Student: 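Sharing a structure here in structure tokens format.
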Amino acid sequence: MAMRQELERMTLESAAAGIDAALARLERGVKSAAERLGGMTGLENEAKRLANDRAQLAYALDRMTARANRLDKSAADVSKRLIAAMEKVRSALSKEEN
């Protein structure tokens, strides 16, 4: 009977050691997963920051494009007016020569 009790005690100790080892592996796995998730949160925050920066740059580009278009139209208008003024000056000069 003593042998049987000793065998049961060894079996229980072995089972307890196995449970302890499994719990230690589980704790390491949970810690590793938490660290990876923490890293993912950092990546998600960086992605959100980059998306925000992109949106701001797109808005600024749209504004600058609109301004450039207005400047092009103004430059074309000024050019037409200059050409018209030069033609008037030429016409006036040619009339004086005659």
Side-chain angles (χ1 to χ4, degrees):
M1 187 86 161
M3 195 127 169
R4 183 173 184 193
Q5 287 176 343
E6 181 65 24
L7 184 61
E8 286 176 358
R9 185 183 63 76
M10 287 174 49
T11 303
L12 285 174
E13 287 175 358
S14 176
I19 290 172
D20 285 342
L23 285 173
R25 285 192 307 273
L26 179 62
E27 287 174 357
R28 285 192 304 271
V30 167
K31 183 179 178 182
S32 175
E35 288 171 354
R36 284 194 308 270
L37 285 175
M40 292 300 289
T41 300
L43 291 175
E44 288 172 355
N45 289 339
E46 182 67 13
K48 287 177 185 176
R49 187 187 66 75
L50 289 172
N52 186 39
D53 288 350
R54 183 192 174 281
Q56 289 177 355
L57 289 171
Y59 175 72
L61 178 62
D62 287 345
R63 288 181 53 216
M64 291 297 128
T65 301
R67 184 169 187 249
N69 288 338
R70 286 191 310 270
L71 289 173
D72 283 345
K73 288 178 184 177
S74 294
D77 186 47
V78 167
S79 178
K80 286 178 187 177
R81 289 180 184 187
L82 282 172
I83 290 171
M86 287 188 306
E87 287 175 359
K88 286 180 182 180
V89 169
R90 280 190 195 125
S91 176
L93 290 175
S94 70
K95 284 182 184 178
E96 285 184 13
E97 289 178 359
N98 290 331

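Predicted model only: the values in this text are computed from it and were never measured.
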Student: Can you tell me how far apart CZ (Arg70) and OG1 (Thr65) are? Round to the nearest 0.5 Å.
Tutor: 10.5 Å
Student: Are Glu27 and Lys31 side-chain neighbours, meaning at least one heavy-atom pair lies under 4.5 Å?
Tutor: no
Student: Just how far is it from atom CG of Asp53 to atom CD of Glu46, taken to the nearest 0.5 Å?
Tutor: 8.5 Å
Student: Under 4.0 Å between a Lys/Arg side-chain N and an Asp/Glu carboxylate O for Arg81 and Asp77?
Tutor: yes
Student: Nearest 0.5 angstrom please: Arg36 CZ to Leu43 CG, how far?
Tutor: 13.0 Å
Student: Can you measure from CD1 (Ile19) to CG (Leu26) and round to the nearest 0.5 angstrom?
Tutor: 12.5 Å
Student: Which value, rounded to the nearest 0.5 Å, describes the distance between Arg63 atom CZ and Leu61 atom CG?
Tutor: 11.5 Å
Student: Heavy-atom count around Met10 CE within 6.0 Å, excluding the residue itself: above 12?
Tutor: no
Student: Would Arg90 and Glu87 pass as an ion pair if we require N to O under 4.0 Å?
Tutor: no
Student: Could you pull out all residues at least two apart from Arg28 that satisfy salt bridge (charged side-chain N to carboxylate O under 4.0 Å, His left out)?
Tutor: none
